[in-house]
Amino acid sequence: MASNSNPDPNSTEEAHKSLRHSLLGPSLLKAGQDRVNQQKVGEIIYNASKGSKFFKHEERRDEQLTKRIEGILKRKKELEALDLSVYVKKVDEQIAALEASRDLSQTIVHVDCDAFYASVEELDRPELKEVPMAVGGGVLTTCNYKAREFGVRSGMAGYIAKQLCPHLIFLPLNFEKYGQKAEEVREVLAKYDPRYEAGSCDEAFLNITKYLEEHPEMTPDTATEQIRAEVFAHAKITVSAGIAPNARLAKIASNQNKPNGQFRIQPTVDAVRTFMSTLPVRKVNGVGRVFERELQAIGINTWGDVHPLRHLLQPLFSEKLASFLLNCHLGLGRTHVHPVDEYERKSIGTESTFSDLRGPDPLRAKLRSTAVELEKDLANAELKGRTVNLKVKLHTYEVYTRQKALGRAICTAEELYNAALPLLAGLEVEFRPLRLRLMGLRMTQLVDANRGPGRLEELFKNAGTAGAGKRKRERDDEGWEVWPEEEFTQMKAASGEQEEDILLLSQHEVVDSDEEEGEETSAAAAAAAEVAVNSKNANAPEQAPEEERWPCPICTRMLPAEDALFNEHVDFCLSRETIKEAVKGSSGPPDPPEKVQQHQQQEKRPRKIYHIPLMP
DNA sequence: TACATACAC
DNA sequence: AATGGTGTATGTA
C-alpha cells in the first residue's frame, strides 16, 4: 500500500502494543511460562497473525477496549478532584467487615495435573518426553513442557505454534484415554476427601481439614506430598498442588511450583496479605486479558496496588466488581468445597466452527444438524428447555446471539429447528449476505424431561423431592475436557447433511433475477417456505413483477418494496409468535401491524426481489 | 427478557 | 490460508 495513511510504521507498532500482548493469549501468566523470551514470541505471533481476519477482529476489539479505558481514566480523573473522604471511610468499614469474616480454620488443597493430556500421551509413548509435543490440531489443547520452552501454549493456533517450534509434534485428542486417567487420579483424591470438588478433568479441590484431624501425625505439607506421591504411584502422572486456607488461594498456589511441585500459603492474616501484595492481578481466577488491562490502566498491577485506590473501586466499577477486588486484595475466598453434581445446570448447548458457510440451504442444513446434536445432548441429560439461544460467529469473527423464550419446554430436533429458524432468518435479514464460521444452539430455562409438560412443573419446583434439572454427572465425566472433534469431521458431516437438507428444500425452487446475491434471496425464500408451510398468498409469479415487492422472510407475504414498511413488518413477524401459528397450520399469517413502530434497525438492508414458486 | 462481554478450562 | 467448545456470571437496557 503506497498510500498508507500512516507513514511511520513505528507508530502503528506502538499502537499495537496492547494488541501484541493480547495476542500472546489467555494462558500467558498462568501456564508457568517463565524464562521464555516473550518479546520474541510476541513478535513471531504478531507477524504470523498480521493481516488475517482473526487479527483484524482482535485489532478492532483492542481499539474498543482502548476507548473504554479512556473513559475509565476520565472518570478516575473527575473523581480525584472530589472530596473522597466519605468513600474512604465507607470502604474501610467494608474492609473491616470482610476481615472480621475471615476464616483461616480450613485447609484447602487444589490439585492440578501437569500438562494433563500431554502427560497421558507420554505414558503411551515415553520417547515424546524428550521432544516438544502438543495435543490438538487447528488450535492446541495443551502441550508438554519441552514445547513451552518455545513459547508454545494451549489455546494457540497450530500453525503459529509450528512457526515458534518447527519440530513440534502434533498428536490427536483421545478423550477416552484422558477420561480413564482422570478416574484413576480421582480414586486417590477421594481417599483424602470424599467430598472433593472436581473442577474439570485435570483439577480438583479438596478440603483436608478432617483428614488432618484424623491423622495428627501429618501436616498439610506432608499430607499433600503424600497425595501427590500416591497419585503418581497409582496413575503415573505428576500433579502440582496448592495448600491454603481458602479455594482462591489454593488455586493460585498450585500454579506456583508447577510442574510437579507444591506450595503452601500459611493460614495467617500476615502471610496471606503479604502473598497477595506482590501477586500480579492476572494470577487470580477471573482476571483475564481485558480486566488486566483496565486495572493496569488505573495503576493496579498487583493486588497490593488495590489499597491506595480502594476508595475508587466502588465509583469506578460495579458493586460486585469492587467487592471482588477487595476480596482478592485481602486474599479471601470460599472455604468450603463440595461435589459438583450438587450444582444445578443452567444451560446446555452445542456449537461448531466450520469454514465460511453461506447460502440458505447450507445454513439451514447446519442449523438442522446443530439441532440434532442438541437433541442428543438434551436426551442424555434428560432435560428440556424453555428458551432457545442461537449463536453465530460471522466470517469476520463477530459474535451475535439471538434468543427466544418459548411458551413451553421443548427437546426434539424438530422443535429446536423450528424455534431457531426464525432467529436465523432474522439474522439473514440483518446481515445480508450472512456468512458464518460458527453456529451454536443453546437451551436455557431448563426443566426435567421426565417431569410433566412445560410450565406446570414450575409450580412444583420447590415443593420437595429432587429439584428439576438437578442432574448427576454420570457419563458427563466423559465429556470431560474441552476440545472436541476436529473441524474436518465436522465439515464432512455437514456436507452430508447438507445434501439431505437440500433435497428437503428442493420442493421450493427459487428463481432469482440477480446472480450475485442469489443466495441471500433464496435464503429468505427458503426460510419463508419452510416455516410457513401452509401459508397462502406466498407465491409470486416466476417473472419479475412490475411493481417491486419483497416477500417477508418469515411469513412469505409479499410486501411493498419500501424499506420502512418492509422492515416494520419483518420486525413484527419476528417479535410476535406468528411463526408458531404458521407452523401449526393455522390459515395464514396475521396481518401486518397497523401501528407504526420506530425501529433503528436495518435501513442499510439492500432490496431484492424474491420469486417464490408455487408449492407442489 | 434479550443481548453482549468476559472468563475458565 | 489458518485461531475451539461448553458453561457460568454479570452488566445493561
Side-chain angles (χ1 to χ4, degrees), chain A residues 22-23 25-27 30-31 45 48-58 61 64-65 68 112-113 116-117 135-142 153-163 173 175 198-204 251 282 284-294 317-321 323-324 340 343-356 370 373-374 377 381 386-393 397-406 423 426-427 437-446 473 476 479-487 490 574-575:
Chain A
S22 175
L23 285 169
S27 53
K30 292 176 178 170
I45 296 177
S49 306
K50 199 156 50 183
S52 66
K53 284 181 179 177
F54 177 81
F55 181 89
K56 287 185 176 120
H57 180 249
E58 291 297 303
R61 286 182 38 143
Q64 276 182 303
L65 180 55
R68 234 172 70 196
D112 203 314
C113 302
F116 184 57
Y117 290 4
V135 184
V139 176
L140 305 186
T141 303
T142 190
R153 278 187 284 271
S154 67
M156 183 176 272
Y159 81 97
I160 289 187
K162 206 173 259 173
Q163 293 194 23
L173 290 155
F175 288 110
S200 71
C201 58
D202 72 336
E203 63 176 322
K251 167 99 181 153
R282 183 77 177 268
V284 165
N285 233 271
V287 179
R289 287 180 279 186
V290 172
F291 199 22
E292 178 191 39
R293 248 194 91 190
E294 292 179 354
F317 300 105
S318 68
E319 171 101 40
K320 281 210 154 91
L321 218 41
S323 154
F324 169 76
V340 288
Y343 291 114
E344 264 194 36
R345 207 219 278 250
K346 300 203 169 118
S347 78
I348 180 168
T350 178
E351 67 186 55
S352 61
T353 296
F354 32 78
S355 59
D356 202 350
T370 307
E373 279 308 303
L374 184 51
D377 297 344
R386 293 205 284 117
T387 299
V388 251
N389 187 311
L390 175 69
K391 171 179 171 181
V392 298
K393 198 188 279 179
Y397 288 87
E398 286 160 296
V399 175
Y400 295 90
T401 60
R402 293 293 180 267
Q403 67 181 30
K404 182 155 179 26
L406 315 163
L423 302 177
L427 287 165
R437 79 179 332 274
L438 173 146
M439 184 185 288
L441 277 180
R442 176 165 297 275
M443 296 298 294
T444 53
Q445 308 263 63
L446 302 180
R473 37 185 270 133
D476 202 339
W480 246 54
E481 231 208 16
V482 203
W483 310 69
E485 80 269 69
E486 291 117 71
E487 292 166 36
Q490 269 286 337
L574 290 172
S575 65

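Chain letters run A, B, ... following the sequence lines, proteins first and then strands; every chain starts at 1.
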Selection from B:dC9, B:dA4, C:dT3 that lies nearest to any side-chain heavy atom of A:Phe54
C:dT3
Should A:Ser352 be listed as having a side-chain N or O under 4.0 Å from OP1 or OP2 of C:dG4?
no
Taking the side chain from A:Lys404 and the backbone from A:Asn389, do they hold a donor-acceptor pair closer than 3.5 Å?
no
Taking the same atom, P, in C:dT3 and in B:dA8, what whole-Å distance lies between them?
23 Å
Quick one: A:Leu390 CG to B:dA2 C1', roughly how many Å, whole number?
13 Å
Check salt bridge (Lys or Arg N to Asp or Glu O under 4.0 Å) between A:Arg293 and all other residues, then give those that pass, not counting sequence neighbours.
A:Asp62
If the cut-off is 4.0 Å, is A:Arg442 near the phosphate of C:dG7, judged by side-chain N/O to OP1 or OP2?
yes
Qualifying residues under salt bridge (Lys or Arg N to Asp or Glu O under 4.0 Å), relative to A:Arg289, sequence neighbours excluded:
none
With no angle test and no hydrogens, is the base of C:dT3 tied to the side chain of A:Thr353 by a donor-acceptor pair under 3.5 Å?
no
Tabulated below should be each protein N or O lying under 3.5 Å from an N or O of nucleotides 9-13 of chain C; please produce it.
| from | atom 1 | to | atom 2 | distance (Å) |
| --- | --- | --- | --- | --- |
| C:dA9 | OP2 | A:Lys346 | NZ | 2.9 |
| C:dG11 | OP1 | A:Ser318 | OG | 2.5 |

Taking atom NZ as the centre, does A:Lys162 end up with more than 12 heavy-atom neighbours from other residues, nucleotides or ligands that are less than 6.0 angstrom away?
no
So, does A:Arg282 use its side chain to make a donor-acceptor pair with the main chain of A:Pro26 at under 3.5 Å?
yes
Considering just the side-chain nitrogens and oxygens of A:Gln445, establish if one lies under 4.0 Å of OP1 or OP2 belonging to B:dT1.
yes
Tell me what A:Ile160 touches on the nucleic acid: a base, only sugar-phosphate, or nothing, going by heavy atoms under 4.0 Å.
base
Nearest-neighbour nucleotide for the A:Asn285 side chain, B:dA2, C:dT3, B:dA8 considered:
B:dA8
Considering just the side-chain nitrogens and oxygens of A:Gln403, establish if one lies under 4.0 Å of OP1 or OP2 belonging to B:dC3.
no
Starting at CG of A:Leu23 and ending at P of C:dT3, how long is that distance when rounded to a whole Å?
13 Å
Students often get this wrong, so: under 4.0 angstrom with heavy atoms, is A:Phe55 touching a base, only sugar-phosphate, or nothing?
nothing
Spacing between A:Phe354 atom CZ and C:dT3 atom C1', to the nearest angstrom:
15 Å
Can you measure A:Leu423 atom CG to B:dA2 atom P for me and round it to whole angstrom units?
9 Å
Starting from the 5' end of DNA chain B, give me the residue, A:Thr387 or A:Glu294, whose nearest nucleotide shows up first.
A:Thr387
At less than 4.0 Å, is any side-chain N or O atom of A:Arg68 found next to OP1 or OP2 of B:dT5? Yes or no.
no
Taking B:dC9, C:dG5, B:dC7 as options, the one with an atom nearest any side-chain atom of A:Phe291 is B:dC7
When you measure from the side chain of A:Tyr159, which nucleotide among C:dT3, C:dG7, B:dT1 comes out closest?
C:dT3
Check every strand shown and say whether A:Thr350 touches a base, only sugar-phosphate, or nothing at a heavy-atom separation below 4.0 Å.
sugar-phosphate
5' priority, DNA chain B, between A:Thr401 and A:Lys251 [closest heavy atom]
A:Thr401
Here the distance between atom P of C:dT3 and atom CZ of A:Arg289, to the nearest Å, is 15 Å
Rounded to whole angstrom units, what separation is found between the NZ atom of A:Lys391 and the C1' atom of B:dA4?
11 Å
Could you tell me whether the phosphate oxygens of C:dT8, OP1 or OP2, come under 4.0 Å of any side-chain nitrogen or oxygen in A:Ser347?
yes
Which is it for A:Arg442 and A:Thr401 under the side-chain contact (heavy atoms from CB on, under 4.5 Å) test, yes or no, and what are the steps along the way?
CA-CA 10 Å; A:Arg442 176 165 297 275; A:Thr401 60; over 6 Å; no
Among A:Glu58, A:His57, A:Arg61, find the residue that satisfies the side-chain contact (heavy atoms from CB on, under 4.5 Å) test when tested with A:Tyr397.
A:His57
Rounded to the nearest Å, what distance is computed from the CG atom of residue A:Leu406 to the C1' atom of nucleotide B:dT1?
13 Å
Indicate, with a heavy-atom threshold strictly under 4.0 Å, whether A:Arg293 touches base, sugar-phosphate, or nothing.
nothing
Phosphate OP1/OP2 of C:dG7: any A:Arg345 side-chain N/O under 4.0 Å
yes
Measure from the side-chain heavy atoms of A:Ile348 and tell me the nearest of B:dA2, C:dT3, C:dG7.
C:dG7
Using a 4.0 Å heavy-atom cut-off across all strands, classify A:Arg402 as base, sugar-phosphate, or nothing.
sugar-phosphate
Expressed in angstrom and rounded to an integer, what is the separation of A:Lys393 atom NZ from C:dT3 atom P?
9 Å
Once you apply a heavy-atom cut-off of 4.0 Å, does A:Glu58 come out as touching a base, just sugar-phosphate, or nothing?
nothing
